[in-house]
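The block underneath contains the structure these notes are about, expressed in structure tokens.
We name chains A, B, ... by the order of the sequence lines, and we start the count at 1 in each one. For clarity, every value in this text was computed on a predicted model and none was experimentally measured.
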Amino acid sequence: MPRLTLPDGTHKEFSSPPTLAQVAAAIGAGLARSALAGKVDGRLMDLESVIDADAEVAIVTAATPEGLEILRHSTSHLMAQAVKELFPTAQVTIGPAVADGFYYDFDYERPFTPEDLTAIEARMEQLVAADLPIRRQVMDREAAIERFVAMGEHYKAEIIREIPADQEISLYGQGGFVDLCRGPHAPSTGRLKAFKLMRVAGAYWRGDSANKMLQRIYGTAFADKKALAAYLTFLEEAAKRDHRRLGKEMDLFSIQDEAGGGLVLWHPMGARIRQAIEDYWKQTHREAGYEFLFTPHMANLDLWRTSGHVDFYRESMFNPMTVDEQAYQIRPMNCPFHILVYRSRIRSHKDLPFRWAELGTVYRYELSGVLHGLFRVRGFTQDDAHIFCRENQIEEEISAILELTLQTLTTFGFKDFEINLSTRPAKSVGEDAIWDKATAALKGAIAERGLTFIEDVGGGAFYGPKIDVKILDAIGRKWQCSTIQLDFNLPERFDITYIGEDGARHRPIMIHRALMGSLERFFGILIEHYAGHFPLWLAPVQAMVLTITEAHNEWAIQVRDQLRDAGLRVETDLRNQKISYKIREHAMRRTPWLLIVGEREQAEGGVSPRDRHGKELGLVPLATMRERLLEEARTRAVGQ
RNA sequence: GCCGGCAUAGCUCAACUGGCAGAGCAACGGAUUUGUAAUCCGUAGGUUUGGGGUUCGAUUCCCCAUGCCGGCUCCA
């Protein structure tokens with residue numbers, strides 16, 4: 001009789017082979033109610049599956065990521081059932097769980113409307129109330145194909161034909177609805193209690209624009225209504241932080257038709273922030289032993305032939321232009337120029353490493369439909385750098401880059417990171433030995449900092465392994481900005497070398513790296529991370545001097561000028577308005593410090609500061625406040 | 001690029017099924033000289049994204065264009 005080992009290490013014996021549902025019931029009534037599926041020796045299975053041998057068993061509930069995924073997957077089937085009942089001629093295709101919910105793609109004669117969604121959702125509620133059991137059934141391949149063809153479900157038939165022969169074909173049925181699916185699924189529709197259909201969108205069959213456009217319905221589902229409500233609140237919060245909205249409201253940047261989509265205009269207030277970012281960037285890079293380069297925005301197309309961009313990157317490049325009957329290309333990357341600088345003279349092993357950085361503006365062709373605020377643009381500035389080093393310098397260089405990356409991201413207020421390491425893909429250039437050595441160096445550099453990483457086996461570029469660092473923002477969203485990539489390809493293509501100790505020519509290793517990635521995109525992320533409430537060192541206006549009446553204008557201007565002379569960004573508001581009016585306005589504009597100046601302040605040579613949380617400090621001498629502001633700016637404090 | 005939705009004053013949004021295009025904020029002018037999140041009064045602001053069509057009449061209905069928004073390989 002099966003002896004089962006539970007996750008806590010305890011054992012349970014059964015007199016006859018139990019189903020997973022029975023196992024859950026044996027553990028506890030509460031668990032039986034919340035059980036969605038089970039895990040047997042690490043394999044997810046339906047609750048009704050029978051365990052007939054000793055095994056490690058865990059019951060899966062919606063409290064775990066796996067359980068939530070099952071719940072969402074089952075909800076997508078529930079939606080497909082509702083759609084088939086309401087629109088019988090719609091063909092089902094695929095419907096997986098995704099990051100924040102699920103979707104299902106249908107082939108239907110017309111697009112679904114928002115009204116359709118409401119109707120589908122209502123039908124789903126009915127199906128939940130009916131609490132239909134969800135049953136798995138294994139079927140012979142040919143019979144399954146015949147069955148789906150008979151039902152008019154040609155996509156499903158196509159999918160079955162492509163399933164490897166050694167895999168079993170399983171169907172899931174609930175009520176009159178049957179779908180091809182690997183499973184597992186929740187035991188019944190009654191378990192799907194909290195869901196919402198979000199939107200309709202077009203999506204190509206298999207994501208290929210050569211294929212037919214299907215109708216995709218996105219939805220989300222959670223364990224209970226409370227979690228669903230929390231998610232919807234999160235979406236509202238994200239919308240409030242939308243950098244496109246804040247960018248307009250705070251007059252930071254614009255993107256205008258007259259200039260072109262995806263081309264960013266930085267307004268004065270946005271440019272102040274960018275300057276603060278760039279100043280910091282220059283300072284840290286100087287300290288980290290980098291030199292700076294400036295290179296052109298376009299080059300003879302031949303350069304891009306040599307670099308391989310014409311062959312491998314054409315889709316992302318703008319069309320070349322003709323200059324004196326020669327083709328020129330606006331740059332999508334900076335690296336070829338840096339290589340030309342390297343190659344401009346003979347290099348010795350004693351010169352290496354070179355660390356060359358450039359805030360290089362590049363232009364890439366993106367489909368008009370994918371442009372999105374500052375996040376997806378056609379012209380952007382990379383905080384790019386290229387390191388040329390010897391093989392035995394890789395680890396040290398990577399380690400230093402990682403250090404600089406984390407220092408930079410931390411300074412901008414990001415505390416949580418996820419590091420991904422991508423290794424050699426099937427199709428790639430370079431010898432095994434160098435790949436192994438480089439990959440080991442990357443791992444070593446990560447380990448040295450005591451950090452953990454997620455390995456993406458075979459996920460590297462064809463020209464070298466890489467480390468990507470993702471940041472988590474204030475509301476838990478993940479963004480990838482930093483990337484550190486080894487390149488065994490470009491040095492080869494440009495045939496760059498250095499003279500070694502042995503007097504022979506050797507190939508240097510090239511490292512591409514960007515910490516913020518694109519300044520535009522990073523700026524967008526910062527806006528959303530801080531919801532526009534920039535820390536002092538980034539704030540476009542760090543302090544606003546507010547007068548009580550016109551009688552205090554003179555002192556207000558003196559205050560402003562003294563603080564400006566100290567290097568702070570300070571403005572005055574001398575308008576003939578009540579102080580509460582001015583405070584409200586500048587508080588809403590997210591100015592970190594408001595310095596109130598009236599009779600007493602003028603008489604004593606001070607200001608009455610109010611911080612961004614409305615805290616009043618009382619009358620303080622101007623010099624004291626100046627030092628406090630300078631300290632806050634100098635330390636790049638992100639607290640509060 | 002493709003699919004769907006949307007486009008009204010600088011901004012946020014109204015205008016029932018086709019019937020005189022409006023409000024708040026912002027701007028500007030005036031009064032008020034004010035102590036910690038909105039002082040009052042007034043003025044101006046529009047080819048309702050652009051073009052075409054249906055209609056006695058179009059912000060509203062239809063077609064085209066442009067832009068924006070949400071999506072477009074997270075695999076049964």
Side-chain angles (χ1 to χ4, degrees), chain A residues 69 72-73 76-77 80 92-105 108 110-114 116-117 144 148 153 155-164 167-172 179-183 198-218 239 242 244-245 248-249 251 255-258 260-261 315 365-373 546-553 574-589 594-601 608-619:
Chain A
E69 200 179 318
R72 288 170 172 169
H73 191 185
S76 97
H77 276 230
V92 293
T93 67
I94 60 166
V98 291
D100 294 313
F102 61 87
Y103 67 79
Y104 209 113
D105 286 346
Y108 190 51
R110 63 166 176 84
F112 293 112
T113 64
D116 293 337
L117 286 198
F148 280 107
E153 299 286 5
Y155 291 89
K156 288 293 178 190
E158 181 183 330
I159 292 164
I160 298 174
R161 288 191 192 101
E162 289 172 14
I163 295 176
Q167 269 185 47
E168 106 190 330
I169 305 296
S170 58
L171 308 189
Y172 278 81
D179 198 0
L180 172 72
C181 189
R182 185 161 45 198
M198 306 299 284
R199 62 181 77 90
V200 281
Y204 299 106
W205 169 235
R206 310 226 135 139
D208 185 342
S209 58
N211 289 338
K212 187 168 182 190
M213 175 76 67
L214 306 173
Q215 300 302 319
R216 172 170 299 182
I217 303 179
Y218 278 93
D242 192 314
R244 293 166 301 188
R245 224 195 83 190
K248 184 180 276 183
E249 188 184 315
D251 198 13
I255 296 168
Q256 300 179 32
D257 309 346
E258 273 185 273
E315 289 160 23
Y365 175 72
E366 299 277 4
L367 294 176
S368 60
V370 306
L371 299 176
H372 179 95
L546 312 181
T547 49
I548 301 290
T549 77
E550 283 169 359
H552 317 115
N553 286 2
L574 308 179
R575 291 176 302 172
N576 177 16
Q577 285 288 358
K578 283 171 67 173
I579 194 68
S580 53
Y581 176 92
K582 297 196 215 180
I583 285 170
R584 177 171 192 272
E585 182 163 307
H586 297 291
M588 290 202 310
R589 285 190 188 172
L594 305 183
L595 306 178
I596 286 116
V597 159
E599 216 42 58
R600 295 196 298 276
E601 290 78 9
S608 286
R610 176 192 166 101
D611 75 9
R612 59 171 24 138
H613 306 292
K615 189 175 160 208
E616 295 166 35
L617 272 56
L619 207 168

Counterpart base for [N], defined by Watson-Crick or G-U wobble contacts under 3.5 Å:
N	answer
B:C74	none
B:C13	B:G22
B:U60	none
B:C40	B:G30
B:U48	none
B:G67	B:C6

Report summary line: dist A:Thr547:OG1 -> A:Lys582:NZ (nearest 0.5 Å) comes out at 3.0 Å

Query raised in the report: Between CD1 of A:Ile583 and CD of A:Gln577, what distance do you get to the nearest 0.5 Å?
Result: 12.5 Å

Query raised in the report: In the 5'-to-3' direction, what one-character label does each nucleotide of nucleotides 35-40 of chain B receive under the scheme B = base within less than 4.0 Å of a protein heavy atom, S = sugar-phosphate only, - = no such atom?
Result: BBBBB-

Query raised in the report: Is A:Arg182 salt-bridged to A:Glu168, cutoff N-O under 4.0 Å?
Result: no

Counting heavy atoms from C-beta on, name the nucleotide in [options] closest to the side chain of [X].
X	options	answer
A:Tyr218	B:C3, B:A76, B:G71	B:G71
A:Ile94	B:C11, B:C75, B:G70	B:C75
A:Cys181	B:G70, B:C74, B:A76	B:A76

Query - Residue met sooner reading RNA chain B from 5', once A:Arg216 and A:Gln167 are mapped to nucleotides - result: A:Arg216

Report summary line: Residue pair A:Met213/A:Arg589 against RNA chain B: nearer the 5' end by closest nucleotide is A:Met213

Query raised in the report: Within the structure shown, what part of the strands sits under 4.0 Å from A:Tyr103 by heavy-atom distance: base, sugar-phosphate, or nothing?
Result: sugar-phosphate

Report task. Could you tell me whether A:Glu168 contacts a base, only the sugar-phosphate backbone, or nothing, with contacts defined as non-hydrogen atoms closer than 4.0 Å? Result -> base

Report summary line: Whole-Å distance, A:His372 NE2 to B:C69 C1', equals 9 Å

